Undergrad: 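Before I ask anything, let me first share the structure, which is written out below as structure tokens.
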Protein chains: 2
Amino acid sequence: MRIGEIAALVGLTTRAIRHYHHVGLLPEPERRPNGYRTYTVRDAVLLARVRRLTELGLGLDEVRDVLADDAGRELAEVLAELDADLARQQAELGARRRRLAELLAAGPAEGEPVSPGLAALLARAPVTTSPSAAKDREHLTLLDATGAAGEQMYAALAPLVTDPGVLALYERLDELAGAPVDDPRIGPLADALVAAVPAGLLDAVPADGPVAPGFQEALLAEYAPAQAEVVRRVMAAFVEGGRT
Amino acid sequence: MRIGEIAALVGLTTRAIRHYHHVGLLPEPERRPNGYRTYTVRDAVLLARVRRLTELGLGLDEVRDVLADDAGRELAEVLAELDADLARQQAELGARRRRLAELLAAGPAEGEPVSPGLAALLARAPVTTSPSAAKDREHLTLLDATGAAGEQMYAALAPLVTDPGVLALYERLDELAGAPVDDPRIGPLADALVAAVPAGLLDAVPADGPVAPGFQEALLAEYAPAQAEVVRRVMAAFVEGGRT
DNA sequence: CTTGACCTTGACGCAACGGCAGGGTTTCTA
DNA sequence: TAGAAACCCTGCCGTTGCGTCAAGGTCAAG
């Protein structure tokens, strides 16, 4: 048989068969004077075996092992291992689909895939055009994504979200956008912000050591000078009280 | 932030982030004078988004699409498509695992993964050292693998397997190993073989045209000259009666 | 003699990075 | 203050299982 014939017979492509030769899965067969490979029935049997094993999901080197020592014991061993692997993959897929369903159910219009806890929180937040509020939400989604945020943290934040006083605080922060760093409004605003944070929040944030040093710098760089000063003071207050 | 810091923050490797820059998923950030990349909080938010989307199973170009037009509509669309894909993969895995279980249940000692129908047939076959019988079994597994064999074919073969007369035929074929092509035993043996094939078998073999020309040649090459002559005659008889 | 259907080798492409080489920078420590 | 650890940089090869040209040789039929 020529390569095309055997390929059609066992249901493989000629390219696949040549590939098997190339990687040593199957030895190169005899050649006819013109260079064509000639295959025997035994080759077909071997290739059929290869095909079934690969269709089961074995890698080519595993197939090679199975073909090599045809004790039959190796086969069962590899197959059992394979089944465990497939089961794991299946479970993984299931987990992904669950999270997917969760996302589709929670935020039907959000352009951001967030955890259900945060989604519930944001859904209850009032609409606002405050840039500071937007920034805060971004930071929250970041925390959410890093896994640093938990359900208890969102529970602690829940009262803040519906508090109209918080909106006023955001607006006061917005107003400092173009202000100098010695603006007299900085001190009172920082105090008010510290006071507004509920007691439970500090415990809810996992205190896994100080955040990377560069992160705080990057965080402050997001704000105008006067605003950054406020943020700096608020953070300082919390570091005193027991970590970030 | 430097690249290592942001990588730790969002749970990626520095290598992955540089890869994202390389493929244009994320623009290259500002550099410090020493060449180090400096990341902002916004970058972290973006990367966190990328991480969650890739963890769901999206490819990088799909992620790029979702990030590009953040309408939120595209997201739902892609996610639905993804879910369908995942479901398909899950079903595929399930099918593979079923076949695996089937194999493990059927042939606990066979070094060959065959269909349950053939496995049952071979299990009932008597032990023999006849080379011809072994060859026949190989050819059967080949048919089995190509999918050309069906349950009805195995049903038609069932009586042959338990028939002790068949063993005698195999032995007569074995005896022709070193015989010349004009051996007088050839004719009678061919007739006996043709007679031994049950009526149902011909209908059970899917007559999808003549087999590849090279295949018959390869098949005959497996046998000694006198044996090949027998096989040739048997095949000829069946071709007359209605295809191979 | 020309198609058209085969066959040959060789090399690149893919998905999403991992790992290493070879070299510079920063920072901590003795 | 030197040395080492811990970062950072670019660039290139390796992974898996083939698909897909590219550029050509071979063979049967019209």
Side-chain angles (χ1 to χ4, degrees), chain A residues 1-26 28-39 43 47 50-65 67 82 85 89 92 96 210 212-215 217-218, chain B residues 1-26 28-39 43 47 50-67 82 85-86 89 92 96 210 212-215 217-218:
Chain A
M1 280 182 286
R2 289 173 306 175
I3 194 171
E5 293 170 331
I6 199 177
L9 181 64
V10 301
L12 292 168
T13 65
T14 62
R15 186 61 182 85
I17 295 177
R18 279 192 274 255
H19 182 59
Y20 295 157
H21 293 319
H22 190 65
V23 300
L25 186 57
L26 200 68
E28 284 277 359
E30 298 287 306
R31 302 295 188 115
R32 280 158 69 185
N34 56 17
Y36 289 13
R37 295 176 178 84
T38 59
Y39 292 89
D43 290 323
L47 280 175
V50 168
R51 170 157 133 89
R52 265 195 293 197
L53 291 175
T54 59
E55 276 182 349
L56 282 174
L58 276 82
L60 292 191
D61 38 4
E62 295 169 303
V63 172
R64 178 164 36 221
D65 290 351
L67 289 189
L82 175 63
D85 196 45
Q89 287 184 43
E92 234 174 66
R96 290 222 286 245
F215 176 71
E217 190 186 333
Chain B
M1 279 181 286
R2 290 173 307 176
I3 196 171
E5 293 170 332
I6 198 178
L9 181 63
V10 301
L12 292 169
T13 65
T14 62
R15 188 63 183 78
I17 295 177
R18 280 193 277 254
H19 181 59
Y20 295 156
H21 294 318
H22 190 66
V23 299
L25 185 56
L26 202 69
E28 284 276 359
E30 299 285 307
R31 303 292 187 119
R32 281 154 75 182
N34 56 17
Y36 288 14
R37 296 176 178 85
T38 59
Y39 293 89
D43 291 322
L47 280 175
V50 168
R51 171 156 132 90
R52 266 196 291 197
L53 291 175
T54 59
E55 276 182 349
L56 282 174
L58 276 81
L60 292 191
D61 38 4
E62 295 169 303
V63 171
R64 179 164 35 221
D65 290 351
V66 171
L67 290 188
L82 175 63
D85 195 46
L86 291 186
Q89 287 185 44
E92 234 174 68
R96 289 224 286 245
F215 176 71
E217 190 185 335

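A quick note: this is a predicted structure, and the numbers were derived from the prediction, not measured.
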Undergrad: Once you round to the nearest 0.5 Å, how far does CG of B/L9 lie from CG of B/D43?
TA: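 It is 11.0 Å, given to the nearest 0.5 Å.
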Undergrad: Can you tell which of C/dT9, D/dG17, C/dC6 lies closest to the side chain of A/H19?
TA: D/dG17
Undergrad: How long is the line joining CZ of A/R2 and P of C/dA5, in whole Å?
TA: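 Interatomic distance, CZ of A/R2 to P of C/dA5: 13 Å.
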Undergrad: Nearest to the side chain of A/I3 - D/dC8, D/dG17, C/dT8?
TA: C/dT8
Undergrad: Nearest-Å distance, CD (A/E28) to C1' (C/dT8)?
TA: 11 Å
Undergrad: Please give, in whole Å, the distance from D/dG19 P to A/L12 CG?
TA: 9 Å
Undergrad: Does A/I17 reach the side chain of A/H21, with side-chain heavy atoms less than 4.5 Å apart?
TA: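 Result yes, sub-4.5 Å side-chain heavy-atom pair found.
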Undergrad: Look at all strands and tell whether B/T13 reaches a base, only sugar-phosphate, or nothing, counting heavy atoms closer than 4.0 Å.
TA: sugar-phosphate
Undergrad: How long is the line joining CG of B/L26 and P of C/dA16, in whole Å?
TA: 15 Å
Undergrad: Tell me: NE2 of A/H22 to P of D/dT15, nearest whole Å?
TA: 11 Å
Undergrad: Between B/Y36 and B/L60, who's closer to the 5' end of DNA chain C by nearest nucleotide?
TA: B/L60
Undergrad: With a cut-off of less than 4.0 Å, is there a side-chain N or O of B/R32 near OP1 or OP2 of D/dC7?
TA: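 Answer no for this pair, as no side-chain N or O of B/R32 is under 4.0 Å from OP1 or OP2.
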Undergrad: Using whole Å, report how far NE2 of B/H21 lies from P of D/dT10.
TA: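 The distance from NE2 of B/H21 to P of D/dT10 comes to 9 Å, rounded to the nearest Å.
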Undergrad: Check whether any side-chain N or O of B/R96 sits under 3.5 Å from a backbone N or O of A/L56 as a donor-acceptor pair, and report yes or no.
TA: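 Confirmed, B/R96 side chain pairs with A/L56 backbone.
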Undergrad: Within the structure, does a side-chain N or O atom of A/N34 lie under 4.0 Å from either OP1 or OP2 of D/dC27?
TA: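 Checking A/N34 against D/dC27: at least one side-chain N or O falls below 4.0 Å of OP1 or OP2.
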Undergrad: Say you draw a straight line from OG1 of B/T38 to CD of A/E217; how long is it, rounded to the nearest 0.5 Å?
TA: 9.0 Å
Undergrad: Within the supplied structure, the quantity of interest is the number of heavy atoms (other residues, nucleotides, ligands) at a distance under 6.0 Å from A/E28 CD; does it exceed 12?
TA: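 Yes, CD of A/E28 has more than 12 neighbouring heavy atoms, counting only those of other groups under 6.0 Å.
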Undergrad: Rounded to the nearest Å, what distance is computed from the CZ atom of residue A/R18 to the C1' atom of nucleotide D/dG19?
TA: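 In whole Å, D/dG19 C1' and A/R18 CZ are 12 Å from each other.
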Undergrad: Less than 4.0 angstrom between a side-chain N/O of B/R37 and OP1 or OP2 of D/dT10, yes or no?
TA: yes
Undergrad: On the nucleotide C/dC17, are OP1 or OP2 found under 4.0 Å from the side-chain N or O atoms that B/Y20 carries?
TA: yes
Undergrad: Ignoring backbone atoms, establish whether A/R51 has a side-chain N or O less than 4.0 Å from OP1 or OP2 of D/dG17.
TA: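 Answer no for this pair, as no side-chain N or O of A/R51 is under 4.0 Å from OP1 or OP2.
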Undergrad: Given the structure, check if the side chain of B/R15 and the base of C/dG19 hold any donor-acceptor pair shorter than 3.5 Å.
TA: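 Yes, the side chain and the base share a sub-3.5 Å donor-acceptor pair.
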Undergrad: Roughly, in whole Å, what's the span from CZ in B/R31 to C1' in D/dC9?
TA: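 These atoms are roughly 8 Å apart.
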